[in-house]
Structures are given as structure tokens and as C-alpha cells.
A.B. asks: 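Mind looking over this structure? Questions follow.
Order of listing sets the numbers, starting from 1, for every ligand and every atom in it. In this text the structure is predicted, and so the values were computed from the model without any measurement.
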Amino acid sequence: MKQDFLNALERAQQEKNMSIDEMMILLSAQEGEETGALFSLANKIRHKYVGEEVHLRGLLEISNYCTRNCLYCGLRLDNQPLVRYRMTEEEIIDTAYRAEHHGFKTIVLQSGEDPYYSTDMLEKMIAKIKKETDLVVTLSLGEKDREDYKRFREAGANRYLLKHEIMNPLIFKKLKPDSLWRERIQCIAWLRELGYEVGSGCMVGLPGQSLSDLAQDILFMKRMNVDMVGIGPFIPHAQTPLKDEKMGDLTLTLKAVAVSRIVLKDINMPATTAIETIHPEGRKRALEAGANVLMPNISPVENRKHYEIYPNKAALDLEEAKKLINALGRKVGQGHGNRMKRN
Ligand code: SF4
């Protein structure tokens, strides 16, 4: 192992604050001994701060309509061939009942940016789910006004996922031409102020992204004191302008998961579907490199193939998730799986 890697690993072991340069050294770990040592340290830190439980979040993709045109995303407005669907309020609430019945403690309502669901409708749905179940409600509905976030929170929503995607403002502008970087960051700050548990995250292997960008992404999430971190590889989708770009690398994605655990410590972090999509053991390997959450898909089966942010999305149902957790000698999370310690 190289000396500069050993020095950075030693500081990580001592739980010192990591500089951008040290994070970059860890992200550059050579495959083999170095990555082995990095993943093993991340796994130990995961064990120390969040224990052996793997929390299950039921992911319900309520609509694949989107008004935006992110260059990397299959749900983009200009992807005309995509079959679009939307769930009704009744279908969403029924699925929430079923999720609770099957033992989920959290439901994640996710969609593209779809104005069909008004603030009133969403507020009503959230309040009903909260009143009639014991589920934690996580929203992942994109950028909204502060007042909307406030109303959802007051209706009972507990968590909100809004990935910052990439901190490099130039790449952000190129890849998200109809979003503004500072507005997205503002949304994340509002969510924190309003008392949500906030999830952010980034993609690994975006065109033009450097290791320094990736380290900045992790540092940003540390500075924002986010509660959840979602990291997945960039996967080119054939019906997007990035169709010919190179796919994100598995090992670098796992290194980003590990460094996020080392830097952010007590966060909840899923082994993402995107990692499994690029490697048949991706989820398992992410759970061994710092991840502690799985998100089985609870969307109606006929909708799943149309929620195609990227192609050939790996499926995960509840039973497979439990099998994986048991195979790793870990435990299925019994409680709501909130972030344990929040500063
Ligand atoms: S990344 Fe989100 S906002 Fe952008 S096109 Fe896809 S669903 Fe819409």
C-alpha cells in the first residue's frame, strides 16, 4: 500500500476530519489491498455508529412524469417514447396500507417533478397515511417552494430526499439545463430548517467529473449535516443525450460509499439499485462498504418498467432483501430507522 494512502487511512481510523486531499487519496485507493482496507474501515465505522441493522424502506414510484430535462435521466420530458403513468391518491394510500401490513416502517413516495399532484393533494395524502398508519413518510418529489415543503412537513412528512447530484456548478448547469444549482442547494437548506431528516446524494462517473468533484460532493453533504446519503453510478440511458457516455465504475462508486461513511459516520445510506444494476453483487458489496439501508420496490409491478431513470434497473423485493441481510449476518431493522444522533 502506498504511504500517502496509509497516512490518510490512519487519519480516517482515528476519526479525524478529512481534508479534500485526504478524501481524494482514499477515493484513489488501488483495487486489491487498498480498497480492501478502505471498505473494511468503512464497515467498522458503520458497525460502530449505526450497528448491524439494515433498514428497509418501501419505495413507491408514484409517477414517472417530469417537466424537466436532465441530460442523464430517462424520465426527462423530451423522452417521448417513454410510457408515462401516474398513480391515483387511492392507489397510493392503498399501497401504503399494504406496505405497513408487510412490515415496512418507512414508505418513500417518489416521482419526477410532476405538477399534477397539487400541494393540497399531497398534503391530504400525507396526512391520511400518517393518521392511519405508523409509517415514516419520506418524500422524493424534487424541487418545490419553501411553503410547499412546510405544508408537507406540517401534514406529517418526516423525511425528504433531494440529491444535489453534483457540486461542480459547471457540470450541474450542463447536465441540468433547466435547474439552478443555487436553488437546489437552497431547497436542501430549507428542508433542514423545516426539521425534515434530509437525504442528499450524488452520481459517480458523470461526464467531466473529477475525483476532486466527488470529494467536494462528500464534503458538501458533511457541511449540510445531511441524515441520508444516496450514491449510485451514472448509467447511460439510450433515450438521453448522454447515451454514448461511459458508465460509472463499480469500484469508484463503492469507494465513494466507503468515504461517505468514514466522513459522515452516523448517516443512513442505502445500497442503491443503481449499484446492483451495474453489478450482480452491487448491493451486497455496498452493504459491506458502509451502507445500511435497502429500498425494496413496492410500486405496482406494471409501473416498474416505466420508471426508467436508467435502463435495466435491478429489481429488489422484500424477501430478497431479507435474504441478503441474513446472508450477511446482519439484522433486519425493527424500528423506524431514524438517524440515531443528530447534531
Ligand atoms: S433527474 Fe429528476 S428532475 Fe431531472 S429529468 Fe429525471 S426525474 Fe426529472
Side-chain angles (χ1 to χ4, degrees), residues 59-87 92 108-117 119 122 138-145 148-149 152 159-188 190-191 198-209 213 217 221 228-243 245 247-248 253 270 272-275 277 295 297 299 303-313:
L59 177 63
L60 180 57
E61 295 155 337
I62 64 173
S63 157
N64 69 350
Y65 282 84
C66 190
T67 52
R68 301 209 191 227
N69 254 316
C70 305
L71 265 61
Y72 50 83
C73 179
L75 303 194
R76 66 200 305 271
L77 180 66
D78 288 352
N79 182 8
Q80 301 293 341
L82 181 70
V83 176
R84 303 280 173 169
Y85 72 86
R86 251 183 212 121
M87 292 177 72
I92 294 168
V108 183
L109 305 182
Q110 186 168 68
S111 73
E113 297 210 3
D114 182 358
Y116 168 83
Y117 300 104
T119 304
L122 288 163
T138 302
L139 304 176
S140 177
L141 308 172
E143 293 176 39
K144 302 268 181 193
D145 292 337
D148 296 327
Y149 290 144
F152 302 153
R159 304 183 187 137
Y160 205 104
L161 308 178
L162 187 72
K163 289 187 178 183
H164 67 276
E165 307 294 6
I166 182 149
M167 274 306 284
N168 180 321
L170 296 176
I171 302 180
F172 184 100
K173 195 171 170 202
K174 210 165 138 195
L175 299 187
K176 293 177 85 68
D178 41 19
S179 298
L180 288 175
W181 178 82
R182 62 178 163 74
E183 286 182 359
R184 198 158 181 93
I185 305 306
Q186 175 66 77
C187 285
I188 296 174
W190 284 335
L191 292 163
V198 179
S200 189
C202 59
M203 269 182 280
V204 175
L206 284 167
Q209 184 187 43
D213 291 332
D217 285 324
M221 294 189 282
M228 300 168 281
V229 169
I231 292 180
F234 160 67
I235 304 176
H237 186 297
Q239 266 99 43
T240 67
L242 300 187
K243 62 180 164 34
E245 298 290 342
M247 182 186 288
T253 307
T272 58
T273 301
I275 302 182
T277 301
M295 297 175 73
N297 197 319
S299 306
N303 292 347
R304 291 183 198 175
K305 62 179 179 296
H306 303 307
Y307 203 90
E308 202 185 52
I309 294 176
Y310 49 82
N312 306 316
K313 231 168 74 180

A.B. asks: What is the closest protein heavy atom to atom 4 (Fe) of ligand 1, and at what distance does it sit?
C.D. replies: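 The closest one turns out to be Cys70 SG, 2.3 Å.
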A.B. asks: State yes or no: are the ring centers of Phe234 and Tyr72 separated by less than 6.0 Å?
C.D. replies: no
A.B. asks: Checking a contact table here: which protein heavy atom is nearest atom 3 (S) of ligand 1, and how many Å away?
C.D. replies: Cys66 SG, 3.6 Å
A.B. asks: Hey, which atoms in ligand 1 end up nearer than 4.0 Å to a heavy atom of Arg68?
C.D. replies: 3 (S), 5 (S)
A.B. asks: Do Asp178 and Asn69 pair up side chain to side chain, a donor and an acceptor below 3.5 Å, judged on atom types alone?
C.D. replies: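 Per modelled atom types, Asp178 and Asn69 side chains form no pair under 3.5 Å.
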A.B. asks: List every atom of ligand 1 that sits less than 4.0 Å from any heavy atom of Gly112, numbering the atoms from 1 in the order shown and giving each element.
C.D. replies: 7 (S)
A.B. asks: Within the side chain of Asp148, is there an N or O that forms a donor-acceptor pair under 3.5 Å with the backbone of Glu143?
C.D. replies: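 Not confirmed, Asp148 side chain does not pair with Glu143 backbone.
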A.B. asks: Which of the atoms in ligand 1, numbered in the order shown and given with their element, are less than 4.0 Å from a heavy-atom of Tyr72?
C.D. replies: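 Per the distance check, 1 (S).
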A.B. asks: Would you please classify the geometry between the His306 ring and the Tyr85 ring as parallel, tilted or perpendicular, with 30° and 60° separating the classes?
C.D. replies: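 Tyr85 vs His306 ring planes: tilted.
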A.B. asks: Without hydrogens or angle criteria, can the side chains of Glu61 and Asn303 be said to hold a donor-acceptor pair below 3.5 Å?
C.D. replies: no
A.B. asks: To which protein heavy atom is atom 6 (Fe) of ligand 1 closest, and what is the distance rounded to 0.1 Å?
C.D. replies: Cys73 SG, 2.3 Å
